Each structure stands twice: as C-alpha cells, then as structure tokens.
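Each remark here refers to the structure printed beneath this line.
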Amino acid sequence: MKHVRIAARVVALAAVVLVGVGACALDPQGDSAGAAAPMPVAMTETTSGANAYAPTPNQSTQSTTTAAVSKSSATGCPLGEHQRAVEKYLNKLGGFGKLTEDGKQSAADCVAIKKFQRRYGISPASGRAGPTTYDVAKRLATTDVRRCKAGSGLTFCIDLTRQTVWAMRSGKVVMRPTVTRTGMAGYATPTGAYRVGWRSKKAWSTPYKVWLPYWQQFNGGIGFHETTTYLHNKSIGSHGCINLLHKDAVQLWKLGKVGTRVVVFGHRAGT
C-alpha cells in the first residue's frame with residue numbers, strides 16, 4: 001500500500017506540472033477541427049511571491065496599510081510597490097495615456113495602468129503596479145529593435161533575453177514589441193536565423209495533446225502559436241515554442257507567410 005500511495009502522488013504531481021506548460025513539438029499533419037485548447041491557469045499579481053506568505057502584520061502596520069488603501073481607493077486603483085517605475089516605462093512606451101512620474105496613484109495613472117494590463121493579458125487588471133506589471137513594462141520599454149538582424153523583407157524577431165517578439169520590414173517596425181514566453185530549462189528555444197516552413201490556424205500537438213492556434217513553424221517542431229496557459233507564469237515555459245497572446249498571435253499570422261524570415265537571439269535566464 002505504501003508503494004501505491006507514493007505512485008499516486010507522483011502521478012498527481014506530474015499532472016499539475018503539465019497543466020501549466022506551453023506545448024510544442026507537433027505532428028506535421030497539422031490542421032484539423034476538434035477539441036478546444038485548455039483554459040488558462042488563473043494567476044494574479046496581488047502580492048509578490050515573498051509577501052504572499054508573510055505573517056499577519058501587527059496593529060500599527062495594519063493601520064498604516066488601511067490608510068494607504070483608503071487613500072488610493074479614491075483614484076479607483078490600489079497603489080503598487082512599482083508605481084514610479086511603471087509610470088516611467090509606460091510613458092516611454094506611449095499609447096496608454098500620460099502618467100505623472102511621482103510614484104503616486106492618480107485617476108489618470110489608474111486608467112493608463114489598467115489599459116496596459118488589459119493589452120498584455122495581466123491578471124487582475126486592477127491598475128496596481130505590482131511585480132508582473134513592472135516586469136512586462138520594463139521588458140517592453142528596454143527592447144532594442146535594432147538588435148534584430150532583419151533582412152530586407154519581412155522578419156519576425158525574438159529577443160530571448162527580454163522575452164519579446166516584434167516584426168520588421170525593410171528596417172522598419174511593422175509590429176511593435178510584445179510579450180512572449182519561450183522554451184524552459186531543458187527545452188531552450190535555439191538561436192539563429194530560420195524561415196517559416198508551414199502554417200495552420202489550428203494545429204494539433206501530438207506529443208502534448210493540445211491544439212495550437214495560429215501556428216507558424218520555423219524550426220523542427222518549434223513555432224509561433226497562441227498560448228494555451230497564462231502567459232505571465234514565469235515559473236514555467238514552453239517546449240521550445242514562441243507562446244503569444246491571442247491578439248499578437250493573430251497579428252503575426254496576418255503578417256506572415258511560408259518563407260518569412262525568423263531571427264532568434266539572446267538568452268532566456270535559467271535555460
């Protein structure tokens with residue numbers, strides 16, 4: 001009985017791990033209709049990992065926290081620990097409204113941060129400048145599109161270091177940098193220059209038993225596709241593929257075709 005219980009625990013743990021992992025490595029037969037992709041794993045950025053397990057604060061700390069929440073609630077959004085940095089990065093990115101770079105939450109800041117969170121699939125989109133919002137904003141704002149050795153035609157660029165993707169044509173950006181999640185440890189996405197080999201709006205991954213929407217293959221069983229899990233869960237990664245949010249997967253699909261150049265550079269930490 002002891003051996004049975006241990007085996008059951010191992011199977012259960014394996015199931016939990018596989019739920020969150022981005023799929024890849026396809027059967028080359030590809031396009032078919034059928035079952036839908038799994039629902040995303042719910043994740044939040046209400047607190048940082050360290051604070052999530054912090055002990056109950058003492059009375060004075062509770063009073064201070066209550067006062068801070070009451071003050072920020074007047075703007076419609078709670079104040080996050082990365083407020084000033086997020087204000088700076090969103091102003092640099094543009095397109096989300098003007099934020100005052102003072103580290104204080106305002107009604108305008110609240111609207112801009114919520115808009116940014118909705119655009120990049122950050123949950124919850126509460127307007128709080130927490131660790132995920134900070135991480136995504138920093139990666140996007142510090143992406144240097146000139147590092148991609150794009151050709152004269154259309155090129156899909158992947159920065160593994162910042163986990164961002166964009167598209168260029170004749171030296172000009174035609175799709176702004178967006179977020180991605182690439183291969184995890186043991187499945188690192190290889191660097192180099194490639195070409196899109198085949199495409200399917202809905203490809204089936206035989207090894208991982210999941211549908212991959214807006215599939216564009218470029219290296220063996222590796223390609224671009226819409227994510228099947230919560231993109232911002234950084235504790236996991238794909239099996240080498242380039243995971244994208246729905247909106248970005250669709251836009252890249254509309255731009256691309258068989259033969260589109262793909263350039264992968266940089267290095268994802270931990271792989």
Side-chain angles (χ1 to χ4, degrees), residues 44-45 72 74-150 153-182 214 224 226-227 230-232 234 242-256 260 262-266 268:
T44 68
E45 67 154 1
S72 64
T75 69
C77 292
L79 181 67
E81 60 269 44
H82 298 288
Q83 182 73 27
R84 186 186 293 273
V86 169
E87 291 165 351
K88 179 185 72 173
Y89 289 136
L90 264 58
N91 277 337
K92 182 177 179 180
L93 289 170
F96 300 100
K98 179 64 177 176
L99 294 87
T100 303
E101 297 179 25
D102 58 3
K104 300 176 182 178
Q105 187 70 281
S106 69
D109 294 343
C110 173
V111 170
I113 296 172
K114 280 185 175 181
K115 183 177 180 181
F116 176 80
Q117 290 169 332
R118 287 192 293 267
R119 166 62 184 90
Y120 293 106
I122 299 169
S123 179
S126 64
R128 180 178 181 276
T132 301
T133 300
Y134 166 76
D135 175 66
V136 173
K138 181 179 180 180
R139 284 159 48 200
L140 291 171
T142 59
T143 294
D144 185 355
V145 298
R146 296 169 299 181
R147 293 190 64 209
C148 180
K149 299 186 184 302
L154 179 67
T155 302
F156 292 163
C157 304
I158 305 162
D159 183 342
L160 296 176
T161 304
R162 289 171 179 78
Q163 294 287 282
T164 52
V165 170
W166 65 98
M168 302 182 75
R169 180 180 282 116
S170 302
K172 295 183 178 180
V173 175
V174 293
M175 174 178 165
R176 293 181 63 182
T178 188
V179 288
T180 186
R181 181 179 57 197
T182 63
Y214 303 100
F224 300 90
E226 180 180 341
T227 183
Y230 183 66
L231 188 72
H232 302 297
K234 295 183 70 177
I242 311 304
N243 295 167
L244 298 166
L245 297 171
H246 172 74
K247 178 178 180 179
D248 300 321
V250 171
Q251 186 175 359
L252 215 63
W253 171 269
K254 290 179 178 178
L255 285 170
T260 295
V262 179
V263 174
V264 187
F265 63 93
R268 176 178 172 171

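Everything numeric here is computed off the predicted structure, so don't read it as measured data.
The minimum heavy-atom distance linking P177 with V145 is given by the pair CG-CG1, 3.8 Å. Between G76 and K114, the closest heavy-atom pair is O-NZ, 4.0 Å. The minimum heavy-atom distance between A167 and L154, with the atom names listed, is CB-CD1, 4.3 Å. Counting all heavy atoms, side chain and backbone alike, T161 lies closest to G266 at OG1-CA, 3.4 Å. The minimum heavy-atom distance linking A137 with L90 is given by the pair CB-CD1, 3.8 Å.
Atom CZ of R176 is separated from atom CE of M168 by 13.5 Å, given to the nearest 0.5 angstrom. Expressed to the nearest 0.5 Å, how far NE2 of H246 lies from OG1 of T227 amounts to 13.0 Å. Interatomic distance, F224 CZ to W253 CH2, rounded to the nearest 0.5 Å: 12.5 Å. Put simply, OG on S123 and CD on Q117 are 9.0 Å apart, with the number rounded to the nearest 0.5 Å. If you take CD1 on I122 and OG1 on T132, they are separated by 6.5 Å, rounding to the nearest 0.5 Å. To the nearest 0.5 Å, atoms CG (L99) and CD1 (I113) are separated by 6.0 Å.
Under the 3.5 Å distance criterion, the side-chain polar atoms of R139 are left unmatched by any main-chain donor or acceptor of V179. At distances below 3.5 Å, not a single donor-acceptor pair connects side-chain atoms of K92 with backbone N or O atoms of L140. Formation of a donor-acceptor pair under 3.5 Å by the Q105 side chain with backbone atoms of G127 is found in this model.
Remark: R268 engages no residue in a salt bridge (Lys or Arg N to Asp or Glu O under 4.0 Å) (not counting sequence neighbours). Checked against salt bridge (Lys or Arg N to Asp or Glu O under 4.0 Å), D248 has the following partners two or more places apart in sequence or in another chain: R119. Every residue meeting the salt bridge (Lys or Arg N to Asp or Glu O under 4.0 Å) condition with K234, not counting sequence neighbours, appears here in chain and number order: D135.
In this structure, F156 and T260 have side chains that are in contact, with non-hydrogen atoms separated by less than 4.5 Å. Inter-residue side-chain proximity for T155 and C148 is flagged as met; some heavy-atom pair is nearer than 4.5 Å. In this structure, the side chains of L231 and Y120 stay at 4.5 Å or more apart for every pair of heavy atoms. Side-chain contact between R84 and E87 is present, with at least one heavy-atom pair separated by less than 4.5 Å. Side-chain contact between T133 and R128 is absent, with no heavy atoms from C-beta onward closer than 4.5 Å. At least one side-chain heavy atom of M175 sits less than 4.5 Å from a side-chain heavy atom of L252. For the pair F116/V86, no side-chain contact is recorded, criterion being any heavy-atom separation below 4.5 Å from C-beta on. Using a 4.5 Å cut-off on side-chain heavy atoms (C-beta onward), D109 and C77 make no contact.
A salt bridge between K104 and D102 is absent, with no side-chain N of the basic residue lying under 4.0 Å from a carboxylate O of the acidic one. Under the 4.0 Å criterion applied to side-chain N and carboxylate O atoms, D159 and R162 are assigned as salt-bridge partners.
With respect to T164, the side-chain hydrogen bond (donor to acceptor under 3.5 Å, both in side chains) criterion is satisfied by exactly one of T178, T180, T143: T143.
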